[in-house]
Every structure is written in structure tokens, then in C-alpha cells.
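What follows is a single structure, written as C-alpha cells, with notes after it.
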Amino acid sequence: MSIINAPRGTRDILPAESWKWSYIIKTAGEVMKNFNFSEILIPIFEHTELFSRGVGETTDIVEKEMYTFIDRGERSITLRPEATAGVMRAAIENNLCAQGNFAKLWSWGPMFRYERPQKGRYRQFYQIDAECLGVAGSSADIEIISMSLELFRRLGLKNLEVVLNSVGCEKCRPVYREKLLNYFNAHKKDLCETCLTRLDRNPLRILDCKKENCGKISDDAPDIYESLCDGCRNHFEEVKTGLENLGFAYRINKRLVRGLDYYTKTAFEILSGDLGAQNAVCGGGRYDNLASSIGGGKIPGVGFACGLDRVVIVMEEQNCSFGKIPAPDVFIIANENNKASAQILTYKLRSAGISAVNDIAGRSFKNQMRSAGLCKYACIIDQDKNKNKNKIILKDMAEGSQIEINQDEIINYLNGKL
Ligand code: AMP
């Protein structure tokens with residue numbers, strides 16, 4: 001029978017890698033705690049309508065990247081392509097932002113998009129998400145951007161660039177959209193095919209096109225900052241000043257519109273110089289109209305999504321530390337005759353909170369000794385030679401020194417050392 005492989009665009013995160021992921025998620029949890037964000041777990045699948053209405057019908061994600069299926073109850077279900085819409089749905093459904101309350105939430109997990117796989121781009125990928133819901137002021141934007149940068153600082157990422165823009169709001173964006181439409185219509189013949197389809201539906205997305213010709217046309221397109229209303233302009237200035245006060249550098253890119261319709265005012269990306277074509281490790285912004293587009297009234301929000309797969313790539317490339325390589329503290333070495341004693345001692349250590357292993361594969365003394373080389377201590381049970389059945393040898397693997405110790409003293413002894 002033929003071998004079944006993982007579907008294209010998915011991959012297994014094997015033990016040689018998974019501990020690095022755990023390190024990043026643990027670090028993220030610590031940062032979130034410092035910023036007073038609480039963890040939220042939301043479903044991996046949602047009603048398709050949440051994304052078509054929330055993320056936007058004219059976005060690439062909704063038009064061509066969603067994993068959508070009809071379930072056995074004839075409902076249209078979609079594997080989540082991003083987390084923000086789901087977090088907002090949860091907040092609305094559970095009244096987290098009722099009566100002027102606000103909620104600071106974070107989550108992590110797999111997202112699904114039918115994209116062309118390449119380095120740093122997968123069909124199942126992982127994001128760390130943070131969302132601040134219920135706050136309209138720029139303090140929340142500053143908190144979100146600075147939190148993502150603090151996470152990257154703790155992980156040791158270098159060579160990052162913050163790119164910032166304002167995409168306006170429901171008041172001023174229609175005016176800008178009109179100006180863009182007129183401009184691009186006049187340059188219709190030079191636009192790529194994809195941009196032609198974007199023209200009527202979502203002309204702002206043309207600004208994002210990576211094709212050379214479209215880029216050149218966009219360079220001379222009307223400037224969004226000339227169209228921003230006072231509210232959006234002030235908000236943008238406050239975000240910039242806030243970042244400067246915290247000592248963060250940023251680059252303004254008035255063509256940064258991002259692929260999701262729900263952004264209003266702030267849009268930002270954090271780029272790495274060590275990633276190649278898929279160079280964004282994090283993206284986010286403000287989405288004050290998302291709640292109303294999914295029927296939840298007026299709940300402003302701002303958040304970020306950080307691409308875990310890409311963070312791992314950059315950290316490996318930059319030789320960042322992932323903390324300690326996980327290995328048990330103690331390896332209990334015993335021959336076949338002493339198997340039961342080894343099992344009992346291992347279990348005792350484990351119950352006392354000490355990570356311990358004994359050989360479960362019947363390997364030779366020499367091979368057990370070799371495996372013990374990864375641990376801090378080797379504990380040798382050699383009751384055949386020792387008259388006192390309670391005595392064992394404890395070897396410090398780094399120093400090479402060893403002592404003889406009573407089995408019932410070992411937990412106390414190790415607790416003082418580990
Ligand atoms: P987005 O949800 O599109 O704003 O993306 C936020 C972040 O998720 C990006 O900056 C990437 O780091 C990551 N990301 C998005 N799409 C993918 C993908 N297909 N594969 C891996 N990472 C992704």
C-alpha cells in the first residue's frame with residue numbers, strides 16, 4: 001500500500017523543533033502577563049459568514065483562500081484563516097465589552113489558508129494573536145505595537161523594521177477611495193489583471209500590488225494623508241508620538257493597506273531582513289468596524305497577529321537562544337536484573353517533581369551510559385556488586401565526579417542541587 005503523506009502546505013513539527021515552539025509560546029505568555037492580557041481559546045472552525053462579513057468579501061482570503069465545507073448538518077463551516085474575527089465574535093457573544101468594559105485577550109494556534117506554499121508560507125500555519133477590544137483611543141494601539149516589539153526583544157530577534165500607516169475610517173476612506181478610483185481608472189491600461197479586478201471592488205488593495213508596473217503607478221497615486229479626517233490624523237499622530245516616547249523607530253509606508261478589509265486608522269507590519277519574500281513576522285492594526293459588520297454593535301479594537309512559523313525561521317537564522325534543550329535531569333542505569341528497582345526509583349523521582357528516565361528498551365550498560373550523557377546525573381543501580389541494596393552511585397555528568405548515596409536520601413540530595 002502506498003504511504004500517506006501530510007497534505008501540501010502542512011508539516012509536522014517534530015520533537016527536534018517543537019521545544020523551540022514551546023519556548024516562544026511560553027515567552028509570549030510571560031509578555032502577555034506583563035501587559036495584563038488574558039488568554040482566550042476559541043474554536044478552530046466558525047460559520048463561514050463570520051469571515052465573509054468580518055474579513056470582507058473582496059479580500060484574497062475570502063475570495064480564494066478559505067477552507068470551507070458543508071458539515072453534516074448542512075451548515076457552511078470554515079477553518080479559521082485568522083483569529084481576530086473569532087475573538088471579536090467571542091467577545092460579543094459573551095458580553096465581554098458590555099457597559100463600556102474593555103478586554104485584553106491573547107491566543108495562539110493554527111490558521112488555515114489555501115495559499116501557494118513556499119518558505120515561510122504554509123496552508124496550516126500558526127499565529128500568536130493579541131486583541132485589545134473596547135478601547136478607541138491611541139493608547140491601545142501603542143500598547144499593542146509595543147507588546148509585539150517586546151516579545152521580539154525577549155526572543156532576541158534583530159534586524160526588524162516597523163512599518164506604519166493609517167488607512168482612515170468610514171468617514172474619510174470613501175473620499176479617498178473615490179480619488180483612487182479616478183486615478184487608477186486613468187491608468188487602467190497599465191494595471192495587472194489582478195489589479196483590474198480590484199479596481200471597482202477594492203481599489204486600496206492596488207496600492208499593495210508587488211508587480212513592478214502597478215508599483216510605479218501607485219507611487220504617484222493620491223496621498224491618503226491628504227484625505228484623512230481630523231480624528232484619523234490626530235490618532236495617527238498620537239500613535240507615532242507614543243512609539244517615539246517608548247524609543248521605537250518606525251518607517252511610514254502610505255501604501256501599506258494589508259489584506260483584510262476590517263482595518264481602520266492604524267495598520268502596521270513588522271518585517272525581518274532575514275526572511276526573503278515572505279518577510280512579515282507580524283501584522284496588525286485597528287478595526288473599529290469589525291464588530292458592527294458581524295452584528296455586534298460598536299466595539300472598537302486593535303490587535304496583532306504574529307507568524308510563529310516565521311519567527312522560528314528568523315530565530316534559527318539569527319542563532320537566537322531557545323532556552324535549554326530539554327533533557328531529563330537524571331538517567332537511572334540498571335541491568336536486566338535490577339529493572340524493577342530502576343522502575344521504582346524512577347517513579348519516586350518523577351513523583352517528587354524531578355525529571356527522570358530509566359531504560360525501557362533493554363539496552364546495554366554502555367548504551368545507557370551514552371544516553372545518560374545528555375542528563376545532569378546518572379544514577380547507577382548495581383545491586384549485584386553492592387552488598388547494601390539501598391546504596392546507589394550518583395554521577396555528576398558535567399564534573400565527572402561520583403558519590404555513593406542511600407536511595408532514600410537521593411530526593412533530598414537532588415532537590416538541593418537541581
Ligand atoms: P495576516 O493575518 O495576514 O495579517 O498575517 C499576520 C502574520 O501571520 C504575517 O505577518 C505572517 O507572519 C503570518 N502569516 C500569514 N499568512 C501565513 C502563511 N500562509 N504561512 C505562514 N505564516 C503566515
Side-chain angles (χ1 to χ4, degrees), residues 6-13 17 21 24-25 28 42 44 46 50-51 54-56 58-67 78-88 106-131 144-145 147-149 151-152 155 157 159-165 167 202 204-205 208 210 253 256-264 266-287 290 301-317:
R8 187 166 143 75
T10 71
R11 66 222 168 97
D12 305 303
I13 311 298
E17 284 269 304
W21 290 58
I24 298 170
I25 290 152
I42 52 165
I44 281 172
E46 298 267 3
L50 175 70
F51 304 113
V55 175
T58 63
T59 57
D60 284 353
I61 292 180
V62 172
E63 275 185 344
K64 46 190 187 204
E65 293 171 1
M66 294 203 307
Y67 280 89
T78 293
L79 300 185
R80 62 182 187 191
E82 58 99 61
T84 307
V87 172
M88 183 60 99
W106 81 279
S107 197
W108 79 274
M111 308 294 153
F112 305 86
R113 292 183 198 171
Y114 193 81
E115 291 190 277
R116 202 160 46 78
Q118 63 183 89
K119 185 183 172 195
R121 189 161 75 190
Y122 312 97
R123 289 181 175 169
Q124 174 170 332
F125 59 99
Y126 295 79
Q127 286 183 340
I128 297 170
D129 291 271
E131 319 287 351
I144 280 289
I145 299 175
M147 186 163 71
S148 63
L149 289 168
L151 171 61
F152 295 140
L155 294 174
L157 264 71
N159 204 5
L160 295 180
E161 185 182 37
V162 181
V163 185
L164 197 61
N165 192 21
V167 293
N202 194 350
L204 259 82
R205 290 295 319 279
D208 221 16
K210 304 282 179 291
N253 178 1
L256 177 75
V257 292
R258 321 220 49 251
L260 302 89
D261 268 3
Y262 52 54
Y263 287 115
T264 51
T266 313
F268 75 95
E269 262 180 2
I270 301 177
L271 309 180
S272 165
D274 292 293
L275 261 178
Q278 302 303 320
N279 63 348
V281 283
C282 182
R286 176 163 280 285
Y287 42 85
L290 170 61
V302 56
F304 74 68
C306 158
L308 202 44
D309 309 73
R310 294 185 193 173
V311 171
V312 174
I313 297 175
V314 177
M315 285 180 72
E316 282 174 347
E317 207 110 322

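Throughout, numbering of the chain's residues begins at 1 and tracks the sequence. In each ligand, atom 1 is the first atom listed, and ligand 1 is the first ligand listed. Since the structure is predicted, the reported quantities are computational estimates derived from the model, not experimental observations.
Contact check for Arg80 versus Ile42: side-chain heavy atoms found under the 4.5 Å cut-off. Inter-residue side-chain proximity for Ser272 and Leu157 is flagged as unmet; no heavy-atom pair is nearer than 4.5 Å. Between Asn165 and Asn253, the closest side-chain pair of non-hydrogen atoms is not below 4.5 Å.
In terms of protein heavy-atom proximity, atom 19 (N) of ligand 1 is closest to Glu115 OE1, 2.6 Å. For atom 21 (C) of ligand 1, the closest heavy atom belonging to the protein is Gly120 O, 3.2 Å.
Judged purely by atom type and a 3.5 angstrom limit, Arg286 has no side-chain atom pairing as donor or acceptor with the backbone of Thr266.
Classification of the Tyr126-Trp108 ring pair by plane angle, with boundaries at 30° and 60°, yields tilted.
Nearest-residue assignment for atom 18 (C) of ligand 1 (options Phe125, Tyr114, Tyr263; heavy-atom criterion): Phe125. Nearest to atom 8 (O) of ligand 1 by heavy-atom distance, out of Gln278, Gln127, Arg310, Arg113, is Gln127.
Donor-acceptor pairing under 3.5 Å is lacking for the side chains of Glu65 and Tyr67.
Within the structure, ligand 1 lacks Arg123 among the residues with a heavy atom less than 4.0 angstrom away.
Looking at Ile61 against ligand 1, nothing comes within 4.0 Å, counting heavy atoms.
Atoms of ligand 1 lying under 4.0 Å from at least one heavy atom of Ala305, given by number and element, are 6 (C), 7 (C). Each of the following atoms of ligand 1 lies closer than 4.0 Å to a heavy atom of Ala280: 9 (C), 10 (O), 11 (C), 12 (O). Counting atoms of ligand 1 from 1 in the listed order, those under 4.0 Å from a heavy atom of Val281 are 10 (O), 12 (O). Close contacts of ligand 1 with Arg258, meaning ligand atoms under 4.0 Å from a residue heavy atom, involve 1 (P), 4 (O).
Taking both residues in full, the closest heavy atoms of Leu256 and Phe268 are given as CD2-CA, 3.7 Å, listed atom of the first, atom of the second, then distance.
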